[in-house]
Amino acid sequence: VYAMLETTQGEVHLLALDLISGSMRWSTSTGGSAPASGARVSFPSAIAAAGPDLVFCNGYGVLGKCDAATGEIAWLVPYRRRTNLLQGNFYNLRSPLRHSPIVVADGIAACMPADGGELIAVQISDGSVKWTAEVKTDSEFLGGYPGEGIAPGRFFLAGREIRCLNAATGSTLWTWP
């Protein structure tokens with residue numbers, strides 16, 4: 001079981017817990033900083049498996065990749081945080097952005113950080129940013145299809161319409177309706 005932990009000191013850690021016993025297998029700092037207001041744990045919408053690795057968004061300005069077995073960090077990439085709460089509901093706990101998962105397709109991971117205000121796609125191998133796209137406040141969900149071959153090279157945004165995006169470029173392939 002993987003989870004993000006915000007400590008009372010404002011640190012953000014990615015944790016691996018044993019599924020059977022609940023004991024901690026490893027913990028690694030993810031960078032960024034959370035408000036030092038109280039410990040809080042969040043679960044895997046911000047964490048995605050990518051082969052033997054995990055890609056994660058800590059919700060405080062950092063995307064990263066680590067080894068799923070050891071927690072060893074391969075890369076950390078900062079993203080531009082949106083701090084003006086009047087420009088959207090990115091901190092609203094009912095916002096779809098709080099619940100959009102990281103999606104993986106063809107060696108690229110995409111996420112919509114709750115504090116970022118944009119869709120970000122990174123190359124999983126090295127963390128380089130492939131493309132970004134502005135998000136329409138809290139009206140869109142990011143999605144994909146788990147499993148090889150179901151929707152290769154595609155990410156999906158759903159809100160007032162469904163948009164199919166090219167994972168490599170971010171360009172819109174089609175919309176419905």
Side-chain angles (χ1 to χ4, degrees), residues 1-19 22 24-85 87-105 107-135 137-138 140-144 146 155 157:
V1 175
Y2 301 101
M4 300 298 291
L5 169 68
E6 300 169 13
T7 70
T8 55
Q9 295 80 28
E11 299 167 342
V12 185
H13 292 265
L14 178 59
L15 308 174
L17 305 175
D18 183 270
L19 182 63
M24 186 166 31
R25 292 182 18 224
W26 52 258
S27 171
T28 190
S29 176
T30 64
S33 62
S37 59
R40 182 169 75 172
V41 175
S42 62
F43 284 101
S45 68
I47 305 165
D53 300 312
L54 300 174
V55 179
F56 60 87
C57 176
N58 74 0
Y60 292 99
V62 179
L63 300 174
K65 179 178 99 170
C66 71
D67 182 286
T70 66
E72 182 179 348
I73 298 290
W75 50 258
L76 296 173
V77 175
Y79 59 83
R80 183 175 45 113
R81 294 182 74 191
R82 174 175 269 185
T83 56
N84 185 345
L85 299 181
Q87 293 183 347
N89 292 325
F90 293 103
Y91 293 96
N92 181 340
L93 293 177
R94 292 179 296 171
S95 167
L97 292 173
R98 296 291 270 171
H99 305 290
S100 289
I102 292 179
V103 292
V104 174
I108 298 169
C111 73
M112 292 170 58
D115 63 337
E118 63 186 357
L119 174 59
I120 303 167
V122 296
Q123 187 72 43
I124 295 172
S125 60
D126 62 8
S128 60
V129 176
K130 295 286 287 181
W131 52 268
T132 62
E134 195 67 25
V135 174
T137 65
D138 61 356
E140 293 184 308
F141 290 90
L142 173 64
F155 297 136
L157 287 174

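Residue numbers count from 1 along this sequence. Computed from heavy atoms alone, side chains included, the values below leave out hydrogens, waters and symmetry copies.
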Item to check | Heavy-atom closest pair, residues A121 and I108 | outcome: CB-CG2, 3.9 Å
Item to check | Check: V122 and W75 side chains under 4.5 Å, non-hydrogen atoms | outcome: yes
Next on the checklist: Which heavy atom of G127 sits nearest to which heavy atom of V77, and what is that distance?
Outcome noted: O-CG2, 3.2 Å
Item to check | Student check: side-chain heavy atoms of M112 and L157 closer than 4.5 Å | outcome: yes
Checklist entry - Considering all heavy atoms of both residues, which atom of I120 and which atom of P113 are nearest to each other, and what is their separation? => result CD1-CG, 3.9 Å
Checklist entry - Under the 3.5 angstrom rule, does the side chain of W26 hit a backbone N or O of A68 as a donor-acceptor pair? => result yes
Checklist entry - With D126, which residues qualify under side chain to side chain contact (heavy atoms under 4.5 Å, CB included), at least two apart? => result Q123, S128
Item to check | CD on E11 to OH on Y60, rounded to 0.5 Å | outcome: 13.0 Å
Next on the checklist: Among residues at least two apart in sequence or on other chains, which ones pass side chain to side chain contact (heavy atoms under 4.5 Å, CB included) with S29?
Outcome noted: H13
Item to check | Nearest-0.5 Å distance that lies between atom SG in C57 and atom CG in L63 | outcome: 5.0 Å
Item to check | Under 3.5 Å: donor-acceptor pair, side chain of Y79, backbone of G61 | outcome: yes
Next on the checklist: Between Y2 and R25, is there a side-chain heavy-atom distance shorter than 4.5 Å?
Outcome noted: yes
Item to check | Value rounded to 0.5 Å, distance of OG1 in T28 from CG in L5 | outcome: 12.0 Å
Checklist outcome for this item: A46 and I102 have their tightest heavy-atom pair at O-CD1, 3.2 Å
Next on the checklist: Tell me whether T30 contacts the main-chain N or O of L14 through its side chain, where contact means a donor paired with an acceptor under 3.5 Å.
Outcome noted: no
Item to check | Minimum heavy-atom distance between L54 and A49, given as atom pair plus value | outcome: CD2-CA, 4.2 Å
Next on the checklist: Please enumerate all residues that pass side chain to side chain contact (heavy atoms under 4.5 Å, CB included) together with I124, with sequence neighbours excluded.
Outcome noted: A50, V55, K65, V104, A109
